[in-house]
Amino acid sequence: MKIKGLSVIFVITFLITFWINFIDFKFNTFWIFTNNANKAETIIDNLCLSYIAGYIFYFLNVYLVEREEKKSILPYISFKTNLIISNNYHIIRVLKQDIHLKNYYPSSEEFDKLLTYDNLKALKIYNYEKNSLLSFFQIRRTGTIKTINRILSSGKYVDDELKTILFSLKESLFLKKDYAFNEELFDIKKFQTYRLVFFNYFQDIQKLENYFQKNFEKYYVLNYPKHFRKKLLKIRKHKI
């Protein structure tokens, strides 16, 4: 149960124990507790006091500690998650030859066109002009795997949903070592054959981006100075 639910129960139990100990209107007014009112009050009071003590211990020693940990760990995880998204989205921008492209994930049919030899041989690789297409893919592959491993090793704040997406990416054919276009001597004329590999991989990247927007946006901005955070949020919302 989340802290809000636990806090509601805490308030209720506090009010009950306050009523039992400080208000004259007691259980003996109810016929069901005739001759057993004192016992009922003692049992309920003890249960309420136990919960109150447990809540205070949890709040001070678990909730507050985890909240402080999240302030330091989740900004790191969110930054690395965004790094995976942006680095891989760079591939789509290169294939589309549009450095300003946003919120676009090609279908399998569109990848079929983007991966034709005629399109690939004319590509300009933004920020990696000195690299071949294959070496560019290797740079992105290596960086993605390293970043995934760093996120997975960052502790208990990587939840099951994020783990599922990351493991799906890590085990994809797109990132498989020495597979097809991950080989040094791969013939780029065969890229079109692997359109489904591209499509499935970038479906996971899109899932990761959706997860980021839902769970990590507020933590991501903590990586930057306070005066820049509102501006950064506006920039990111505009990009979306």
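Start at 1 with the first residue, then count along the sequence.
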Minimum side-chain heavy-atom gap Gln138-Asn182 below 4.5 Å: yes
Looking at Lys156 and Glu66, does any basic side-chain N land under 4.0 Å from a carboxylate oxygen? yes
Rounded to the nearest 0.5 Å, the CG atom of Leu208 sits from the CD1 atom of Ile165 at a distance of 5.5 Å
Atom pair CG (Leu114) and OG1 (Thr116), whose distance is rounded to the nearest 0.5 Å: 7.5 Å
Just grab all the ring-ring contact (aromatic ring centres under 6.0 Å, His included) pairs involving residues 61-86, residues at least two apart or on different chains. Phe59-Tyr63
Quick one: do Asn21 and Thr17 satisfy side-chain hydrogen bond (donor to acceptor under 3.5 Å, both in side chains)? Show the steps, please. CA-CA 6 Å; Asn21 290 282; Thr17 196; 3.3 Å; yes
At their closest point, which heavy atom of Leu169 faces which heavy atom of Ile148, and how far apart are they? CB-CD1, 3.9 Å
Using only atom types and a distance under 3.5 Å, with no angle test, would you say the side chain of Asn119 pairs donor to acceptor with the backbone of Leu115? no
Quick check: are there more than 12 heavy atoms from other residues, nucleotides or ligands sitting under 6.0 Å from CD of Glu129? yes
Measure from the ring center of Phe111 to the ring center of Tyr194 and say whether it is less than 6.0 Å. no
Taking side-chain contact (heavy atoms from CB on, under 4.5 Å) as the definition, give me every residue that meets it alongside Thr142, ordered by chain and number, with sequence neighbours left out. Lys146
Looking at side-chain heavy atoms only, is the closest gap between Thr164 and Lys207 below 4.5 Å? no
Any donor-acceptor N or O pair under 3.5 Å, side chains Asn200, Ser172: no
Got a second to check how far Phe216's CZ is from Glu209's CD, nearest 0.5 Å? 14.0 Å
Lys/Arg N to Asp/Glu carboxylate O, Asp98 vs Arg93, below 4.0 Å: no
Ile125 side, atom CD1; Gln97 side, atom CD - distance, nearest 0.5 Å: 9.0 Å
Do other residues, nucleotides or ligands put more than 12 heavy atoms under 6.0 Å from the CZ atom of Phe199? yes
Side chains of Ser132 and Ser135: donor-acceptor distance under 3.5 Å anywhere? yes
Are Tyr89 and Asn103 linked by a side-chain donor-acceptor pair shorter than 3.5 Å? no
Using the salt bridge (charged side-chain N to carboxylate O under 4.0 Å, His left out) rule, take Glu110 and Lys113 through it: C-alpha gap first, then chi angles, then the decisive distance, then the call. CA-CA 5 Å; Glu110 289 170 322; Lys113 296 177 182 177; over 6 Å; no
Is it the case that Gln192 and Tyr117 place a side-chain donor and acceptor less than 3.5 Å from each other? no
Are Phe191 and Phe181 an aromatic pair, judged by ring center distance below 6.0 Å? yes
Would you indicate whether the side-chain heavy atoms of Leu64 and Glu68 approach each other to under 4.5 Å? no
Residues Phe186 and Leu134: closest non-hydrogen pair is O-CD1, 3.5 Å
With sequence neighbours left out, the residues meeting ring-ring contact (aromatic ring centres under 6.0 Å, His included) with Tyr201 are Phe174
